[in-house]
There are 2 protein chains.
Amino acid sequence: EAPSVRGVALDQNQTRLAVLNVPDRPGVAAQILQSLADKGIPLDMIIQSEPAQGVNNIAFTIKTTDRYEAERTLQQTGQAVMVDTDVAKLSIVGLGMAQAKGIAARMFQALAERDINIEMIATSEIKVSCIIRQSRAVEALQAVHQAFALNGSQEIPIER
Amino acid sequence: EAPSVRGVALDQNQTRLAVLNVPDRPGVAAQILQSLADKGIPLDMIIQSEPAQGVNNIAFTIKTTDRYEAERTLQQTGQAVMVDTDVAKLSIVGLGMAQAKGIAARMFQALAERDINIEMIATSEIKVSCIIRQSRAVEALQAVHQAFALNGSQEIPIER
Ligand SMILES: C[C@@H](O)[C@H](N)C(=O)O
Ligand SMILES: C[C@@H](O)[C@H](N)C(=O)O
């Protein structure tokens, strides 16, 4: 079956947290993740890019309603924590996204045409997700919807 | 249905590329992604974490067989490109991974116990993927397999 985009999903109930400049050595990510799990805080996205000079950042997105607990938990483990509640997660959902060439590019181009900055990116075979400013969320949803010529019935407007 | 891990997947045929210190403004990611799509190079993971001081890095993983073409393409767009062929992608695959608290922590702990460094992370509701050194790949697969008490019949050993 040809790769295809089936829908667009927007989640405005997201907060981004990041722990900054943590040592790039085994056990660090596990300890941070476990401290959040021990408090029963579910994580939506976990994003970590390349390390540099022996340190790295680990970014998460959580439900905004969990932000105080999550922030407190991370601060207790001695981490420098950045919190940003004004984000939204915009995703395209489909099949064969990894093999399909240019699907992510098309999504990003739709955002670029409206001057919407892409702050974070994570992908899988069935989903390309971006973190953008919450203030641009609905406009971004419409832009990507149009870019993939999806009619109303194919929209998955809000994730949980 | 309770969240659960169904299997572990290891892909050793991965190369990581990163474009470094690109301007954090609309259109940058789109242009880079389009240049790779125009050459017909499929991307597996795309990872971008938080920007800092007006710049960001964008990391990708591709099939190692596409590395020369991808590197050349990115260099032609004027980017500083980092290439690392000695990586492997290890993933746990399941359902309800985002809501399940501690699944990623458990995977990361299994790697930490064997002193395996986690270089990159990206997650979705059905998958937690890490980039690790290729030299530790098989050991990492076994460690995570054991951590989730998966017997041999549930293994999804190699992605494409
Ligand atoms: C930074 C963090 O991911 C570290 N590399 C670890 O393996 O835990
Ligand atoms: C860095 C890059 O992702 C940029 N923020 C863009 O929107 O294209």
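Only heavy atoms go into these numbers, but all of them, side chains included; no hydrogens, no water, no symmetry mates. Naming convention: chains lettered A, B, ... in sequence-line order (proteins, then strands); numbering from 1 in each chain.
In terms of heavy-atom pairs under 4.5 Å with chain B, the best-connected choice from Ile46(A), Leu33(A), Leu20(A), Asp38(A) is Ile46(A). Among Gln31(A), Gln48(A), Met45(A), the residue making the largest number of heavy-atom pairs under 4.5 Å with chain B is Gln48(A). Ranked by heavy-atom pairs under 4.5 Å with chain B, the list Cys130(A), Ala52(A), Ser35(A), Gly40(A) is led by Gly40(A).
Contacts between residues 104-114 of chain B and chain A, counted as heavy-atom pairs separated by less than 4.5 Å, involve Ala104(B), Ala105(B), Phe108(B), Gln109(B), Ala112(B).
Of the atoms belonging to Asp24(A), heavy atoms from both backbone and side chain fall under 4.5 Å from chain B. Interface residue Asn117(B): backbone and side-chain heavy atoms are both found under 4.5 Å from chain A. For a residue to count as touching a neighbouring chain, one of its non-hydrogen atoms must lie under 4.5 Å from one of that chain's; by this rule Ser49(B) touches chain A with backbone and side chain alike. Of the two parts of Ile41(B), only the backbone, made up of N, CA, C and O, holds a non-hydrogen atom closer than 4.5 Å to a non-hydrogen atom of chain A.
Counting all heavy atoms, side chain and backbone alike, Thr123(A) lies closest to Asp44(B) at OG1-O, 3.4 Å.
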For Glu50(A) and Asn57(B), what are the C-alpha separation, side-chain angles and deciding distance, and is it a side-chain contact (heavy atoms from CB on, under 4.5 Å)?
CA-CA 8 Å; Glu50(A) 315 228 339; Asn57(B) 301 331; 5.7 Å; no
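Met120(B) and Leu10(B) are members of different hydrophobic clusters when ILVMFWY side chains are connected at heavy-atom separations under 4.5 Å. Under a hydrophobic clustering in which Ile, Leu, Val, Met, Phe, Trp and Tyr are joined whenever their side-chain heavy atoms come within less than 4.5 Å, directly or via other members, Val28(B) and Ile131(A) fall into different clusters. Ile132(B) and Val128(B) fall within a single hydrophobic cluster, where Ile, Leu, Val, Met, Phe, Trp and Tyr are joined by side-chain heavy atoms under 4.5 Å apart, directly or via other members. Cluster membership for Val19(A) and Val87(A), using ILVMFWY side-chain heavy atoms within less than 4.5 angstrom, is not shared.
The closest side-chain heavy-atom distance from Ile121(B) to Ile47(A) is not below 4.5 Å.
Distance check: Ile58(B) CD1 to Ile118(A) CD1 gives 8.0 Å after rounding to the nearest 0.5 Å.
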Only pairs under 3.5 Å count here: list side-chain donor-acceptor contacts from residues 71-84 of chain A, not counting sequence neighbours, and write none if there are none.
{"unit_1": "Glu71(A)", "atom_1": "OE1", "unit_2": "Arg67(A)", "atom_2": "NH2", "d": "2.9"}
{"unit_1": "Thr73(A)", "atom_1": "OG1", "unit_2": "Glu69(A)", "atom_2": "O", "d": "2.7"}
{"unit_1": "Thr77(A)", "atom_1": "OG1", "unit_2": "Leu74(A)", "atom_2": "O", "d": "2.8"}
{"unit_1": "Asp84(A)", "atom_1": "OD1", "unit_2": "Asp86(A)", "atom_2": "N", "d": "3.0"}
{"unit_1": "Asp84(A)", "atom_1": "OD1", "unit_2": "Arg133(A)", "atom_2": "NH1", "d": "3.2"}
{"unit_1": "Asp84(A)", "atom_1": "OD2", "unit_2": "Arg16(A)", "atom_2": "NH2", "d": "3.1"}
{"unit_1": "Asp84(A)", "atom_1": "OD2", "unit_2": "Arg133(A)", "atom_2": "NH1", "d": "3.4"}
{"unit_1": "Asp84(A)", "atom_1": "OD2", "unit_2": "Arg133(A)", "atom_2": "NH2", "d": "2.5"}

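Residue Arg25(B) places its CZ atom among 12 or fewer non-hydrogen atoms of other residues, nucleotides or ligands, all under 6.0 Å distant.
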